[in-house]
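One structure is given here, and the rest of the page talks about it.
What's counted below: heavy atoms across the whole structure, side chains too, no hydrogens, waters or symmetry copies. Letters A, B, ... mirror the listed sequences (proteins, then strands); counts begin at 1.
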Amino acid sequence: MQERYEFKEIEAKWQRIWAEQDSYTVPDFSDRPKYYCLEMFPYPSGKLHMGHVRNYSIGDVVARFKTMQGYNVLHPMGWDAFGLPAENAAIKHGAIHPAHWTVENIDTMRAQLKQLGLSYDWNREVATCHPGYYKWTQWLFLQLYQHGLAYKKKSAVNWCPSCATVLANEQVKEGSCERCDSVVEKRELEQWFLKITNYADRLLADLEKLSGWPDKVKIMQKNWIGRSEGAEVNFPIEGMDESVAIYTTRPDTIYGVTYMVLAPEHPLVEKLIEGKPQAGQIREFVKQVRNLSELARTSTEAEKIGLFTGAYCINPVNGDKVPIMVANYVLLEYGTGAVMAVPAHDQRDFEFARKYNLPIRVVIQPEGVTLDPGAMIEAFEDEGLMVNSGQFNGTPSRQGISAVIKYLQEQGLGEGRVNYRLRDWLISRQRYWGAPIPIIYCDQCGAVPVPDAELPVMLPMDVAFKPTGRSPLAEHEDFVHTTCPSCGGPACRETDTMDTFMCSSFYYYRYTSPRDETSAWDGDKVRQWLPVDQYIGGVEHAILHLLYSRFITKVLFDMQLVGNDEPFTNLLTQGMVLKDGAKMSKSKGNVVSPEDIVAKYGADTARLFILFASPPERDLEWSDQGVEGSYRFLNRVWRLVAPLGDLLAAGEYTGRTGSLVGINKDMRRITHLAIKKVTEDVGNRFNFNTAVSAIMELVNTIYQYREVPEFDRDAGVMREAVESLLLLLAPFAPHITEELWALTGHKGSIHAQPWPQYSPEALVEDEITIVVQLNGKVRDRILVPAGISADAMREMVLKQEKVQALIGDKKVVKVIPVPGKLVNIVVK
RNA sequence: GCGGGCGUGGCGGAACGGCAGACGCGCUGGACUUAGGAUCCAGUGGGGCAACUCGUGGAGGUUCAAAUCCUCUCGCCCGCACCA
């Protein structure tokens, strides 16, 4: 029965026992220090893919390791269960309801996760599509609403024609829908937004606190928030009692303004052109630009097109009369939607000016060169001295920025201003399968929030899933018609649902109180568990989920609903799983199914391979032969340990390195070296691949040790080596180690054992081999006593006959002894 | 264009500035076998009979010593991209 490694039986058996014994149920409060290990919860798309397996294998090693190290580890799992694929499946196949589709997928994927032997506390499972969960999504929305952070606004928004809904800016990649790749259109719609821009400064500044995050992610967030410093300046319009506000980061170039540009959608455009001969032409142009896709509109490649409005404004610093243009390269959403054009010192303005024959005036002069506007082939955007700038002539441009701002402020012409690229988060979705926005519209009272006591606003089951561009909920009479909570009169419900990123922005709080029906979470529990100590997931959420979660956390912190102002202390972004150098995908036909691998080799092999093949942040190249190798290794462990049986228990630890000699001492040293290496690689560096290789080396050494005649072997050393091996391997391959732990006469789960400690004294060698270098090249190796001093080392090396022969008649210039490593002799 | 990352054997990958290639895959040879695609042992960067020598994308530099630090350069990957 113990002869072969029967992974199927072993894995099924222990999964059953763990479930029966609630082995991974975590108490909220404990004497042990807390550790919150979290992996990004999956969208229940159907079945697990290798990316999931990688993500969750990494998390499980961390969770099991920290548990063995004595922490009370919260390690939950749930489902990001609202979203379009469920609804699209319903549209396509007709018969199946998104709710059923989702629940079935969850059941399948939960079973798959359990087959992987992941140590989740399943009592805490949440699904965002469950009314018991989305009640709190709606509650969260109302909290934001009541604090003035949720508002409805009509504006040009991103519309995905294929998904038939609007999208947040974060969900548009290169002008296309990040989900389905359709080209996104602009539509003028009234939508719900969250004021994430109120938090722009803190979201940016607090990136500093996140020392446990990859720089890559922090830089991406920094760029996305896009802070810039500059000035807002008012340019009076000639002949009108109006002025045009512009935003510039280069107030030092204000004397070089030769024209003004408004975004086509700018509200002033219509006023400026009214009654002017070019009015018709401009209206036509504005219409054209509006109809362009986001991609065509914002492409750097696109030609800059503009028209003169016929109006002029006055440069407030020098009284110059400058023409006002309308052009496609100015965006309404950024800054004030209007820019002052300084063609000499801005490349875009330069190109535009050349094309339309607008004047170019140099106001920043680089040192040693005189710029000639006529001869310039590109704008000069670097620093220099201010010229043609009145009182500022001779000021270095860098100082000029603040000097001009100061002047503008004193004169009441403008002021310093900080601008962000970040825009408010659009959360309305014109789709069914999401959390309904809990707002009621009453003719008398306007928009009225649904009272907390009436939450959740239930999603009706009987709806028609036609992608009409309106929410399917709008077609559902019983849902739409209601009474006003304020006046009791007839009223209509909001029929849009929320962006699913709203659901996933707080699930890590809900895990602390998953079944609480009276509050989103228990304050004590949240303060006990949060922030998440280690968050693990794909880098694709670098901006989306991770930025939204930081925003929501700060809002909750300000409302004193949580005690942490950042959600995730440490972040690990794992690389993709590739096959033949490309991301696994159905269309490429290079998908390896986790099911097949688990069926053929078992979960332990699958986990071990994935952790061994590559460090976690890097992409992982799938290799069937590599999987075979991991399988072979586990078999090798099995054959090594299983036959020992109860014999192992007979060996007593000597714990006395001093009395050990030769092979026994070596075996003990290797054991403790492995403990040290695995502890450091898993605990500090997350280098699971090198941790596994250290375990492999331990196994190889034990194999050699086993060949030593029994008379010469130390039973205690053997026992310690094998037990350490099992304990070190336990987080990686939980089933086989559990089985072998039991087989070798141990009581209790291996996963409940304390993590082994290495003894520094066991690592000490009597003698070590050091390298002798001549001019940095390895020429010899000699054996020296381990604790030898640098001076003694130098002397010993120089005494060697071979070394003297190597030196010959050359002159020894310098000898550099590096204790424990080498001696380098520099000769001439 | 801007920002970030990565270039090491046939392959995945190791190397606090200190023996390049740990560990694994693959390959070669051997053992055990009726057989082996199981297992065990040995070998395995290139060149050379050898002493040696050349080797971490390329070119320089710093250093007693560089895959590692600096400068330039080439290639690949990722993110952002008219943000005034």
task: Report the relative orientation of the aromatic rings in A:Tyr5 and A:Tyr631; use parallel for angles under 30°, tilted for 30 to 60°, perpendicular for over 60°.
output: tilted
task: May I ask you to say what A:Asn700 touches in the nucleic acid, namely base, sugar-phosphate or nothing, with a heavy-atom cut-off under 4.0 Å?
output: sugar-phosphate
- prompt: Counting just side-chain N and O atoms, does A:Arg779 come under 4.0 Å of either OP1 or OP2 of B:U53?
  reply: yes
- prompt: What nucleotide, of B:C25, B:C23, B:A14, holds the atom closest to the side chain of A:Glu697?
  reply: B:C23
field: Phosphate contact (B:G79 OP1 or OP2) by A:Asn223 side-chain N/O below 4.0 Å
entry: no
- request: Determine: side-chain N/O of A:Arg639 to OP1/OP2 of B:A38, distance under 4.0 Å, yes or no.
  value: no
query: Under 4.0 Å between a side-chain N/O of A:Ser693 and OP1 or OP2 of B:G13, yes or no?
result: no
- request: Name the closest nucleotide to the A:Leu822 side chain, picking from B:G18, B:A14, B:G12.
  value: B:G18
- prompt: Can you tell if the side chain of A:Gln773 reaches within under 4.5 Å of the side chain of A:Val823, non-hydrogen atoms only?
  reply: no
Which nucleotide in B:G18, B:C83, B:C25 has an atom nearest any side-chain atom of A:Tyr334: B:C83
query: Hey, is the side chain of A:Lys216 poking within less than 4.0 Å of OP1 or OP2 on B:G5, counting only N and O atoms?
result: no
query: Taking atom P of B:G18 as reference, at what distance in whole Å does atom CD of A:Gln773 sit?
result: 11 Å
- prompt: In whole Å, what separates the C1' atom of B:C2 from that of B:A22?
  reply: 39 Å
query: Taking the same atom, C1', in B:C19 and in B:A15, what whole-Å distance lies between them?
result: 11 Å
- prompt: What interatomic distance, in whole Å, is found between P of B:C72 and the corresponding atom of B:G79?
  reply: 26 Å
- prompt: According to a strict under-4.0 Å criterion, is A:Lys173 in side-chain N/O contact with OP1 or OP2 of B:G79?
  reply: no
query: Just how far, in rounded Å, is C1' of B:C23 from CE of A:Met696?
result: 7 Å
- prompt: Taking NZ, NE, NH1 and NH2 as the nitrogens, is one of them in A:Asp320 or A:Arg361 under 4.0 Å from a carboxylate oxygen of the other?
  reply: yes
message: As a test of reading the structure: which of B:C82, B:A84, B:C64 is closest to the side chain of A:Lys814, going by heavy atoms?
response: B:C64
- prompt: With sugar-phosphate meaning primed atoms plus P, OP1 and OP2, does A:Lys222 contact a base, only sugar-phosphate, or nothing at under 4.0 Å between heavy atoms?
  reply: nothing
task: Report yes if at least one side-chain N or O of A:Arg618 is closer than 4.0 Å to OP1 or OP2 of B:A14; otherwise report no.
output: yes
field: A:Phe633 CZ to B:U39 C1', straight-line distance once rounded to whole Å
entry: 16 Å
A:Glu351 side chain to A:Tyr329 side chain, donor-acceptor N/O pair below 3.5 angstrom: no
task: Taking atom C1' in both B:C82 and B:C77, compute the distance separating them and give it to the nearest angstrom.
output: 26 Å
- line: Here the distance between atom C1' of B:C19 and atom CD1 of A:Ile768, to the nearest Å, is 13 Å
message: Would the base of B:C25 count as contacting A:Arg632 through its side chain, where contact means a donor and an acceptor less than 3.5 Å apart?
response: no
- prompt: According to a strict under-4.0 Å criterion, is A:Arg421 in side-chain N/O contact with OP1 or OP2 of B:A81?
  reply: yes
